Asks: 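The structure under discussion is supplied below as structure tokens; questions concerning it will follow.
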Amino acid sequence: MKRFTKHTVKNSLKRIFLYRASLTRMKLLGVEKIYSYTLSDETGVTPDQIRKDFSEFGITGNKRGGYDVNDLIDKMEKIFHRNKDHNLVLIGMGNLGSALSKYNKFVHKSMNIVATFDIDPFKQKIRSDIPVYSLSRLKEIIDRFKVKVAIIAVPEIAAQEIADDLIKTGIKGIINFAPVLLKTPADVIVNNVNLCDELESVIYYVHNQMKSDSAKNLEQLYKGTKY
Ligand code: NAD
């Protein structure tokens, strides 16, 4: 049955990204052992929360003697299945799709965009580093490369139809850039990425911060005033 997808990335998983980034930086600085309170200083997450997150993802370690940085990074990489390659397809080779298809960090992380698709025949190029196919070849290519995850970068109006077609071919995970809430079966994971929402959340916090700073300044001003 189709429904509005509710899959959002859990906060604990987002924190694992944060820990991994921080640990990777420490590894570069030559740090070998780390305690949860050190990781807490680096990430702003409480040591209790860090231990809870580690336990949720089965990350164990010697709390007294500290955690081994390399071991922690390895365990985090395993959470994201970094030990194997993941083939991806991308639909919509416009401004965003073309930029994403050229982003080489995906490859470094074993995520390979093996094929892209576009409705526009002028954009279809089979003989290219990352081929751009017509949608009529969606199933054939997805089957050939055993693709399970797709990126949608088509206009809002086309996104649901593309999602339906992808799901029919066996796609189980979608990263959706189109500003639309996709309806998908319960066993399909959808992660909506919306830069406008991200920007609005930063704007919200910046304004809140400014409001609270000016309230503090006023308070200081009144405190210093003698009647
Ligand atoms: P664009 O118009 O440059 O590119 C869209 C591409 O999709 C075009 O190449 C077009 O030919 C192709 N297309 C259209 N219908 C199609 C279909 N049915 N099947 C296959 N291909 C199809 O647009 P853009 O700026 O690259 O944006 C793409 C999408 O991403 C839009 O939905 C936009 O709103 C969204 N977007 C999201 C973010 C974000 O942060 N989430 C940022 C920018 C853009």
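This structure is a prediction, so every number in the text was calculated from the model and none was measured. Whatever order the structure lists ligands and atoms in, that order sets their numbers, starting from 1.
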Asks: At what distance is the nearest protein heavy atom to atom 11 (O) of ligand 1, and which residue and atom is it?
Replies: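 For atom 11 (O) of ligand 1, the nearest protein heavy atom is Asp118 OD1, 2.6 Å.
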
Asks: Is Lys52 salt-bridged to Glu56, going by a charged N under 4.0 Å from an acidic O?
Replies: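 A salt bridge is absent here (no side-chain N lies under 4.0 Å from a carboxylate O).
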
Asks: Please list, in number order, the atoms of ligand 1 under 4.0 Å from a heavy atom of Leu135.
Replies: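 The atoms of ligand 1 under 4.0 Å from a heavy atom of Leu135 are 19 (N), 20 (C).
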
Asks: Checking a contact table here: which protein heavy atom is nearest atom 14 (C) of ligand 1, and how many Å away?
Replies: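 Answer, as residue, atom name and distance: Pro155 CD, 3.3 Å.
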
Asks: Atoms of ligand 1 less than 4.0 Å from Ala178 heavy atoms?
Replies: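 Contacts of ligand 1 toward Ala178, numbered from 1: 32 (O).
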
Asks: Is the closest basic N to carboxylate O distance between Glu42 and Arg25 below 4.0 Å?
Replies: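 Looking at Arg25 together with Glu42, the answer is yes, because their closest N to O distance falls below 4.0 Å.
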
Asks: Treating His207 as the side-chain partner and Val202 as the backbone partner, does any N or O pair qualify as donor plus acceptor under 3.5 Å?
Replies: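 Not at all, since once roles are kept as given, no pair shorter than 3.5 Å links the two residues.
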
Asks: Which of these, Pro179, Ser98, Pro121, Gly94, has its nearest heavy atom closest to atom 33 (C) of ligand 1?
Replies: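 Nearest heavy atom to atom 33 (C) of ligand 1 lies in Pro179.
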
Asks: In the protein, what heavy atom is nearest to atom 17 (C) of ligand 1, and what distance, to one decimal place, separates them?
Replies: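 Scanning the protein heavy atoms, the shortest distance from atom 17 (C) of ligand 1 goes to Ile119 CB, 3.8 Å.
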
Asks: I need the minimum non-hydrogen distance between Val180 and Ala159, along with the two atoms involved.
Replies: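 Where Val180 meets Ala159 most closely, the heavy atoms are CG1-CB, 3.5 Å.
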
Asks: Counting both backbone and side chain atoms, is some N or O of Leu96 under 3.5 Å from an N or O of ligand 1?
Replies: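 By distance alone, the answer is yes.
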
Asks: Side chain, backbone, both or neither: which part of Leu195 has a heavy atom under 4.0 Å from ligand 1?
Replies: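 For Leu195, the contact with ligand 1 is made by both the backbone and the side chain.
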
Asks: Can you confirm whether some protein heavy atom lies under 4.0 Å from atom 26 (O) of ligand 1, or whether none does?
Replies: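 Protein heavy atom within 4.0 Å of atom 26 (O) of ligand 1: present.
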
Asks: A quick test of your reading: do over 12 heavy atoms of other residues, nucleotides or ligands sit less than 6.0 Å from NZ of Lys123?
Replies: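 Yes, enclosed.
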
Asks: Starting from atom 28 (C) of ligand 1, locate the nearest protein heavy atom and write down its residue, its atom name and how far away it is, to 0.1 Å.
Replies: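 Residue, atom and distance for the closest contact: Ala153 O, 3.2 Å.
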
Asks: Would one find an N or O of Phe177, backbone or side chain, under 3.5 Å from an N or O of ligand 1?
Replies: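 Checking ligand 1 against Phe177, an N or O pair does fall under 3.5 Å apart.
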
Asks: Between Ile91 and Ile141, is there a shared hydrophobic cluster once you connect ILVMFWY residues whose side-chain heavy atoms come closer than 4.5 Å?
Replies: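 Yes, Ile91 and Ile141 fall within the same hydrophobic cluster.
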
Asks: Drop me the distance from Ile174's CD1 to Ile151's CD1, to the nearest 0.5 angstrom.
Replies: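 So the CD1 of Ile174 and the CD1 of Ile151 are separated by 11.5 Å.
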
Asks: How are the rings of Phe117 and Tyr133 set relative to one another: parallel (under 30°), tilted (30 to 60°) or perpendicular (over 60°)?
Replies: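 The arrangement is tilted - the two ring planes meet at 30° to 60°.
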
Asks: Does Val193, backbone or side chain, put an N or O under 3.5 Å from an N or O of ligand 1?
Replies: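 It does: an N or O of Val193 is found under 3.5 Å from an N or O of ligand 1.
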
Asks: Taking both backbone and side-chain atoms of Ala158, is any N or O found less than 3.5 Å from an N or O belonging to ligand 1?
Replies: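 No, no N or O pair falls under 3.5 Å.
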
Asks: Can a side-chain donor-acceptor contact be found between Asp164 and Gln160 if the only test is distance below 3.5 angstrom?
Replies: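 Yes, because at least one side-chain N or O of Gln160 sits under 3.5 Å from a partner of the opposite role on Asp164.
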
Asks: Would you indicate whether Asn104, at its atom CG, is surrounded by more than 12 heavy atoms from other residues, nucleotides or ligands within a distance under 6.0 Å?
Replies: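 Yes, because the 6.0 Å sphere around CG of Asn104 holds more than 12 heavy atoms from other groups.
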
Asks: Assess whether a salt bridge exists between Glu140 and Arg137, defined as any Lys/Arg side-chain N lying under 4.0 Å from an Asp/Glu carboxylate O.
Replies: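 Answer for the salt bridge query: yes.
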
Asks: Provide the number and element of each atom of ligand 1 under 4.0 Å from a heavy atom of Glu156.
Replies: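 What qualifies from ligand 1 is 32 (O).
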
Asks: Please report which non-hydrogen protein atom sits nearest to atom 3 (O) of ligand 1, along with the residue it belongs to and the distance in Å to one decimal place.
Replies: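 Result for atom 3 (O) of ligand 1: Asn95 N, 2.9 Å.
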
Asks: With a cut-off of 4.0 Å, which atoms of ligand 1 are near a heavy atom of Asp120?
Replies: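 By the 4.0 Å cutoff, the relevant atoms are 11 (O).
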
Asks: Suppose I only count heavy atoms of Met93 and a 4.0 Å limit; which atoms of ligand 1 are within that range?
Replies: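 Here the atoms of ligand 1 in question are 9 (O).
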
Asks: For Asp71, is there an ion pair with Lys75 - N to carboxylate O distance below 4.0 angstrom?
Replies: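 Here Lys75 pairs with Asp71 in a salt bridge, since their nearest N and O are under 4.0 Å apart.
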
Asks: Within ligand 1, which atoms have a heavy atom of Lys123 less than 4.0 Å away?
Replies: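 In order of numbering, the contacting atoms are 8 (C), 9 (O).
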
Asks: Check this for me - ligand 1, Val154, N or O atoms closer than 3.5 angstrom, yes or no?
Replies: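 It does: an N or O of Val154 is found under 3.5 Å from an N or O of ligand 1.
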
Asks: Is there a polar contact, in the sense of an N or O pair closer than 3.5 Å, between Phe117 and ligand 1?
Replies: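 Between Phe117 and ligand 1 (N or O atoms, distance only) the closest approach is not under 3.5 Å.
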
